[in-house]
**Student:** 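Pasting a structure below so you can have a look.
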Amino acid sequence: PPPLDAARWRKDFPVLRQTVHGKPLVYLDNAATTQKPQAVIDCERQYYETLNANIHRGVHDLSQRATEAYEAARGKVKRFVNAADSREIVFVRGATEAINLVAHSYGRRCIKAGDEIVLTEMEHHSNIVPWQLLCEQTGAELRVVPINDAGELMLDAFDKLMSPRTRLVAVAHVSNALGTINPLARIIETAHAFDAVVLVDGAQAAPHLQLDMQALDCDFYAFSGHKLYGPTGIGVLYGKAKLLDAMPPYQGGGDMISKVTFEKTLYNVLPYKFEAGTPNIAGVIALGAALDYVEQIGLDAIAAHEHDLLDYATDMARELPGMRLIGTAREKTGILAFVIDGMHPHDIGTILDREGVAIRTGHNCAMPVMDHFRIPATARASFALYNTREEIDALFAAIRKAMQMFGVDARRTT
Ligand code: PMP
């Protein structure tokens, strides 16, 4: 794709026009959440100004128009992930709720004592804890695929962990702590050979990689709108219709039923069976606007741009003695996690903040990854479509300043 003009696109993001502690804001915490373009902000405001009504119930004009906009957004998501059918798109609160939905509904129906669930050492807590809860309730057991020191999955170990008892494999498409892109096709093929279903945590992939559910052939795929330039409080669970159809509801309430009596309740068809109660209508419609925005720029161009920033930043990091990168997989998205000898990541983050540079510090909701590298935390810069090389320069200028303040030698080796 032609190079992306980040300087042009960043004008669409009002938040980025501010200073922090007197310095221009350099926002590099995009893996936590992305900023929102004006088009998304306007879409949500216009919804409340012109369209607000409850959906799927009213005969009145406003309700019908709100319903149409809500269902049109579902169609956009279906196309965005190339699902076979829009009944396979369930709106949820975010990746966390999507995974919990599958753990509750699919898990309680299909996973029993003695069964095994395979996950990986690089999972976000939201793709660990729901499975632990399920294991506590059912007597199933977790098996964990280890990572190597580059932060890549050890596929031979994965193959050895798979067994006829494996019912489900839960794996991140992209690690939020390391940036590693996992070889999903290989994992899914192996899992299916054992008749296990595969849930992919796509929270860190959907903003960066072109998705194709039909080509990927995963059984479930979860992601959040707020990491994809959309609002908070809205996310997507993709599930194969055949599986979703056979699953019991996750929550009970309005909209998820077709008939209720005190003797027996009949459930609604897909996807409404899984959308109990009044959903985040404004969020769904604004998520549609976010997908339009991303598609207008093109995911390939976004990915190429972020990759350029990653290469640029990685080269600078390698020239800084004392700075150690955590996560050096060959296939990565724009995530640069690091530690500096003699400095706690929280101190790095605090000093960077004084320079207007926003990064994430801490365990990144992936404590097992920290344990693997025997560190309590990392500092993490993560890139989005609006970041520029000048911002990477500002990041490294701030890092050098922090190292000087802590008396860490930041002289160039060359
Ligand atoms: N999985 C991964 C890999 C993530 O990075 C995140 C968000 N940090 C989540 C799941 C959870 O997403 P949310 O908090 O939006 O539900």
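One is the number of the first residue; the rest follow in order along the sequence. We count ligands from 1, going down the list as the structure has it; atoms in each ligand are counted the same way.
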**Student:** Non-hydrogen atoms closer than 4.0 Å to ligand 1: which protein residues do they belong to? List them by chain and number, please.
**Tutor:**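 These residues qualify: Gly94, Ala95, Thr96, His124, Ser126, Asn176, Asp201, Ala203, Gln204, Ser224, His226, Lys227.
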**Student:** Any salt bridge (charged side-chain N to carboxylate O under 4.0 Å, His left out) pairs touching residues 373-383, not counting sequence neighbours?
**Tutor:**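 Applying salt bridge (charged side-chain N to carboxylate O under 4.0 Å, His left out) to every pair that reaches into residues 373-383, excluding sequence neighbours, yields Asp29-Arg380.
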**Student:** Is the gap between the ring centers of Tyr70 and Phe91 under 6.0 Å?
**Tutor:**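 Ring-ring flag for Tyr70/Phe91: true, centres closer than 6.0 Å.
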**Student:** Please verify the inter-ring angle class for Phe223 with Phe80; under 30° counts as parallel, over 60° as perpendicular, anything in between as tilted.
**Tutor:**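 The rings of Phe223 and Phe80 sit tilted, inter-plane angle from 30° to 60°.
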**Student:** Among residues two or more places apart or on two chains, list those pairs meeting ring-ring contact (aromatic ring centres under 6.0 Å, His included) that have a residue in residues 176-217.
**Tutor:**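 Sorted result for residues 176-217: empty, none.
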**Student:** Which residue pairs pass the salt bridge (charged side-chain N to carboxylate O under 4.0 Å, His left out) test when at least one of the two sits in residues 343-368, sequence neighbours left out?
**Tutor:**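 Qualifying pairs: Lys23-Glu355, Glu355-Lys401.
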**Student:** Between the side chain of Asn387 and the main-chain N/O of Ala384, is any donor-acceptor distance below 3.5 Å?
**Tutor:**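 The answer is yes, because a donor-acceptor pair under 3.5 Å joins these two groups.
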